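First up is the structure itself, then whatever we jot down about it.
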Amino acid sequence: MFETEQNAIETRIQAFCKENDIPLAALEWKPLPFSGEWGMSTSFFSTAAAESRLGKKIGVATRAQEIASQVKAQLSDVPGIRRVEAVMGYLNLYYDTQEFTRRVVDSVLDKKDRFGSGPATGQLVMIEFSQPNTHKAFHVGHLRGTILGDALCRILEFAGNDIVRANYPGDMGMHVIKWLWGYLKFHNGEEPATDITRWMGEVYAEAAHRIEQDPTFEAELRALYARWDQRDPEIVALWERTRAWSMEGFRQIYAALDVRFDVYYFNSQEEKPGKEMVEDLVRRGIATDDRPNGGAVIVKIDEVLALNKDQYRTAVVLRSDGTALYATEDLALTLHKFRDYPHLAKSVYVVDVRQSLHFTQVFKILEIAGYTQAQKCSHVPYELVTLPGNVVVSSREGTVVLLEDLLREATSRAREEAKKKNPNLTADQLDSVSKAVGLGALKYPILARENTKMVTFDWQTALDFNGQAAPYIQYAHVRCNSILKKAGVDPANLPHSQFANSLEPAEVELIDWLSRFPAEVQRSAAEYKPLVIASIAYDIARAFAGFYDACPVVQAAPDVRDARLRLVAAVKIVLANALSLLGITAPDVM
RNA sequence: GCCCCUGUAGCUCAACGGACAGAGCACCUGCCUUCUAAGCAGUAGGUUGUGGGUUCGAAUCCCGCCAGGGGCGCCA
């Protein structure tokens with residue numbers, strides 16, 4: 001927001017230090033940590049420490065303060081900077097209040113839903129996420145990867161990148177065979193009505209249970225697997241038909257979650273090309289074929305790299321019976337993506353943390369094989385969602401909270417709350433409010449957590465609509481809207497934001513948070529952390545709640561009123577932008 | 001045995017190597033003829049697991065240890 005001033009100041013500081021033989025360290029600017037005034041600050045500790053190492057006999061803190069004072073004397077008249085102070089080794093530059101306020105608020109109102117977005121990088125980034133298994137349930141365990149991946153797509157796109165949203169359903173493997181077996185044996189001819197994914201999950205759970213109960217079914221299962229493997233037309237047809245059911249179920253779930261994809265890759269498509277790649281790796285001596293000795297095809301990565309330690313370990317890339325495993329398919333998939341999108345700058349895999357070694361191995365093997373694309377690939381790991389008592393969600397164990405149930409519960413709970421809080425809502429409004437609030441309450445706690453931290457799911461927390469949660473932020477947005485509606489004017493038509501010199505502390509803090517939003521978007525994208533956005537969205541909402549309480553808008557004196565109306569309009573925009581990056585709707589009423 | 005993640009208020013979590021470590025929940029005390037109280041203000045709560053090291057400065061970086069979780073050739 002004050003780049004021009006910052007550059008001018010840096011130039012002067014550099015010139016001063018050069019004249020006086022001061023070994024200036026790189027200047028790092030940060031916002032002033034004090035409340036009540038705006039500005040930027042830098043310090044001279046590193047510079048003083050550098051001098052000290054060169055033999056200067058003076059305390060670093062003392063010297064830093066000395067330099068700061070001298071530098072301060074050089075900066076008496078920078079336009080836009082109202083005051084400069086040197087304190088405790090820091091150089092603090094205070095912005096002109098009116099100027100800063102005007103720049104922030106006008107910038108938001110000018111850029112609207114693009115405020116906070118970064119300049120186009122021209123980079124194409126693929127983000128693969130969600131990866132549900134067909135023929136299985138979709139439960140809270142899948143929620144995190146889906147929500148996280150979606151938010152990352154939104155954030156990286158807003159930060160200036162072009163995004164390809166990719167999904168990679170697991171549509172083959174033993175779980176599918178179990179399902180088909182259970183269907184043929186106990187549900188033959190049935191078709192799902194509503195709640196497709198729930199029904200698919202039930203058929204799977206029943207099959208898995210029966211097989212566990214009665215080991216004699218194993219033979220039937222193996223026979224079925226063989227028919228599948230030989231592409232028995234009847235089985236393939238059934239597989240395709242039932243897979244379509246799952247995909248339709250997923251489509252409904254993604255629609256309910258407000259998540260979309262640009263491209264689907266299927267596990268089954270990568271099987272053949274994966275096997276061919278493994279053959280190639282064997283021919284080139286990278287992979288070792290132990291099948292003649294009853295073993296599998298493996299890549300002894302550490303050995304190939306001549307490392308004397310267990311780092312990449314050994315990866316199995318093909319089973320001893322010649323069938324493909326996940327690694328086989330991921331080798332092919334990685335290249336497949338670059339064939340489809342040759343200009344990919346990055347290929348990101350949002351997958352849970354347990355597969356870290358797997359991806360390290362896949363990318364390393366590709367690198368060894370000379371595929372430079374591998375260097376553009378990265379795994380963004382996230383921790384699991386567990387149930388209270390550290391119980392891992394498992395479709396087989398029946399320890400499952402189905403997403404359908406969760407969504408339904410959250411929405412109906414939100415509806416009850418909305419009815420209670422605001423009886424004036426129309427039926428349509430009630431519908432959209434309960435959807436927005438229920439879904440937001442579900443997404444926010446997941447996104448407001450470090451990716452690598454475990455989330456323990458419990459109903460009470462998930463459905464708690466108070467405090468640091470999405471509804472609090474949405475409510476702030478609603479309040480902005482109420483004020484604007486009540487005022488009955490379009491802030492865009494009001495004169496430019498002329499704030500008085502003496503702003504209320506609540507106004508100062510609020511404007512401060514707004515000004516930080518663009519930088520936080522960049523940080524969130526660079527670090528793949530939606531948490532950064534979740535935090536600042538809450539901070540803005542909290543600052544607004546304080547402002548709302550302390551600063552009347554509609555009833556204020558005309559000049560104050562106009563300025564505050566523009567501020568409120570700006571807050572509404574930034575809140576909506578931030579929530580949108582999290583995949584959360586900002587309602588106008590609730 | 002090797003590798004990765006985590007350890008901060010009673011609980012759940014924040015804090016780009018910098019100025020007094022901050023929120024929410026829970027507890028207690030106030031605030032609705034006002035722009036919706038899904039809110040606000042206030043009280044209280046900490047040797048940042050532990051011992052060293054680097055640095056002018058460490059919750060943050062490095063090493064050891066302790067505790068919890070995860071991963072380590074044919075699961076996905």
Side-chain angles (χ1 to χ4, degrees), chain A residues 28 30 32-34 41 43 45-46 48-49 52 59-64 87-90 92 131 133 170 173-175 267 288 290 295-300 309-321 323 325-327 329-330 351-358 360 381 383-384 386 390 414 417-418 420-422 424 437 445 448-456 460-461 464-469 471-476 478-487 519-520 523 526-527 531-532 534-535 538-539 542 545-546 548-556 564 568 589-590:
Chain A
E28 285 181 21
K30 294 183 180 187
L32 286 180
F34 318 117
S41 132
S43 65
F45 295 112
S46 338
S52 169
V60 168
T62 312
R63 178 58 181 154
V87 52
M88 293 169 68
Y90 290 89
N92 296 331
Q131 306 105 342
N133 281 329
M174 192 47 90
H175 75 275
N267 208 235
T288 310
D290 272 352
V297 181
I298 58 179
V299 180
K300 299 175 183 170
K309 51 181 177 177
D310 290 351
Q311 189 177 351
Y312 299 102
R313 300 183 174 272
T314 297
V316 178
V317 290
L318 199 67
R319 285 198 187 89
S320 51
D321 64 3
T323 56
L325 339 89
Y326 227 61
E329 290 138 11
D330 261 334
V351 184
D352 81 66
V353 67
R354 292 177 300 185
Q355 289 173 44
S356 293
L357 179 61
H358 163 78
T360 307
E383 259 296 354
L384 301 178
T386 60
N390 207 16
E417 206 69 16
K420 207 162 42 181
K421 304 284 185 191
N422 188 350
N424 299 323
V437 171
R449 195 126 312 163
E450 198 76 56
N451 299 346
T452 50
K453 280 194 176 168
M454 204 104 72
V455 170
T456 303
Q460 201 184 336
T461 311
D464 188 354
F465 294 165
N466 294 314
Q468 187 168 2
Y472 178 93
I473 304 166
Q474 292 169 315
Y475 185 59
V478 166
R479 282 173 144 187
C480 289
N481 188 59
S482 296
I483 293 174
L484 297 173
K485 204 165 61 185
K486 184 99 176 182
E520 292 299 84
R523 189 159 75 90
E527 297 175 6
L531 159 70
V532 173
S535 289
Y538 174 71
D539 288 329
R542 196 157 51 86
Y548 183 92
D549 201 59
C551 305
V553 177
V554 176
Q555 292 174 356
R564 285 184 178 165
V568 170
V589 291
M590 64 188 268

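The sequence lines fix the lettering, A, B, ..., with proteins before strands; numbering per chain opens at 1. As the structure is a computational prediction, the values presented were derived from the model and not from experiment.
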For a quick check of understanding: with a heavy-atom distance under 4.0 Å over all strands, which category does [X] fall into, base, sugar-phosphate or nothing?
| X | value |
| --- | --- |
| A:Thr452 | sugar-phosphate |
| A:His175 | nothing |
| A:Ala64 | nothing |
| A:Val589 | base |
| A:Arg449 | sugar-phosphate |
| A:Ser52 | nothing |
| A:Arg313 | base |
| A:Tyr326 | base |
| A:Ser41 | base |
| A:Val554 | base |
| A:Ala545 | sugar-phosphate |
| A:Gln355 | base |
| A:Pro445 | nothing |
| A:Tyr548 | base |

Nearest whole Å is fine: how far is [N] [atom2] from [X] [atom1]?
| X | N | atom1 | atom2 | result |
| --- | --- | --- | --- | --- |
| A:Phe465 | B:A38 | CZ | C1' | 9 Å |
| A:Ile473 | B:A23 | CD1 | C1' | 12 Å |
| A:Asp549 | B:U36 | CG | C1' | 13 Å |
| A:Met174 | B:C74 | CE | C1' | 13 Å |
| A:Met454 | B:G70 | CE | P | 7 Å |
| A:Arg542 | B:A14 | CZ | P | 16 Å |
| A:Leu384 | B:G68 | CG | P | 19 Å |
| A:Asp464 | B:G39 | CG | P | 9 Å |

Review point. Does the pair A:Val589 and A:Lys485 meet the rule for a side chain to side chain contact (heavy atoms under 4.5 Å, CB included), with working shown?
Key: CA-CA 11 Å; A:Val589 291; A:Lys485 204 165 61 185; 4.2 Å; yes

Under 4.0 Å: is that the gap between some side-chain N or O of [X] and OP1 or OP2 of [N]?
| X | N | result |
| --- | --- | --- |
| A:Lys485 | B:U36 | no |
| A:Asn466 | B:G39 | yes |
| A:Tyr312 | B:C72 | no |
| A:Arg354 | B:G69 | no |
| A:Lys30 | B:G17 | no |
| A:Lys421 | B:A38 | yes |

Review point. Given A:Arg63 and A:Val60, is the side chain to side chain contact (heavy atoms under 4.5 Å, CB included) satisfied, shown in steps?
Key: CA-CA 5 Å; A:Arg63 178 58 181 154; A:Val60 168; 5.8 Å; no

[X] has a side chain; which of [options] sits nearest to it?
| X | options | value |
| --- | --- | --- |
| A:Leu531 | B:A15, B:C40, B:G7 | B:A15 |
| A:Ser482 | B:C74, B:A14, B:C35 | B:C35 |
| A:Val316 | B:A76, B:A14, B:G73 | B:G73 |
| A:Thr314 | B:C40, B:G73, B:C56 | B:G73 |
| A:Ser535 | B:A76, B:A14, B:U36 | B:A14 |
| A:Tyr472 | B:G24, B:C35, B:C40 | B:C40 |
| A:Ala418 | B:C72, B:G73, B:A38 | B:A38 |
| A:Tyr538 | B:G24, B:G71, B:C35 | B:G24 |
| A:Arg319 | B:C25, B:G71, B:C74 | B:C74 |
| A:Asp310 | B:C2, B:C56, B:G70 | B:C2 |

Point to revise | Steps toward side chain to side chain contact (heavy atoms under 4.5 Å, CB included) verdict (A:Ile483, A:Tyr548) | key: CA-CA 10 Å; A:Ile483 293 174; A:Tyr548 183 92; 3.9 Å; yes

Provide the distance between the two [atom1] atoms, one in [N] and one in [M], to the nearest whole Å.
| N | M | atom1 | result |
| --- | --- | --- | --- |
| B:G10 | B:C27 | C1' | 10 Å |
| B:C11 | B:C3 | C1' | 32 Å |
| B:G24 | B:C5 | C1' | 25 Å |
| B:A21 | B:G1 | P | 39 Å |
| B:C28 | B:U43 | C1' | 7 Å |

Checking only heavy atoms, does the side chain of [X] share a donor-acceptor pair with the base of [N] at less than 3.5 Å?
| X | N | answer |
| --- | --- | --- |
| A:Lys309 | B:C3 | no |
| A:Ser320 | B:C74 | yes |
| A:Asp330 | B:A76 | no |

Review point. Can you check B:G73 for me, syn or anti if syn means within 90° of 0?
Key: syn

Review point. Would B:C32 be called syn or anti, given that syn covers angles within 90° of 0?
Key: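 Judged by the O4'-C1' to base torsion, B:C32 sits in syn, the angle falling within 90° of 0.
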
Review point. Is it true that A:Asp352 and A:Arg354 make a salt bridge, defined as a side-chain N closer than 4.0 Å to a carboxylate O?
Key: yes

Check your understanding: For A:Glu28, does the CD atom sit with more than 12 other heavy atoms under 6.0 Å from it, leaving out its own atoms?
Key -> no

Exercise for review: For A:Val87 and for A:Arg523, locate the closest nucleotide of RNA chain B by heavy-atom distance; then report the residue assigned to the nucleotide nearer the 5' terminus.
Suggested key: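 Its nearest nucleotide lies further toward 5', so the answer is A:Arg523.
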
Revision key, fill the gap. Between A:Tyr475 and A:Asn451, whichever has its closest RNA chain B nucleotide further toward 5' is A:Asn451

Could you tell me the Watson-Crick or G-U partner of [N], where both distances fall under 3.5 Å? Say none if there is no partner.
| N | result |
| --- | --- |
| B:A67 | B:U6 |
| B:C13 | B:G22 |
| B:A58 | none |

Practice item. Check step by step if side chain to side chain contact (heavy atoms under 4.5 Å, CB included) holds for A:Asn267 and A:Tyr326. Key: CA-CA 8 Å; A:Asn267 208 235; A:Tyr326 227 61; 3.7 Å; yes

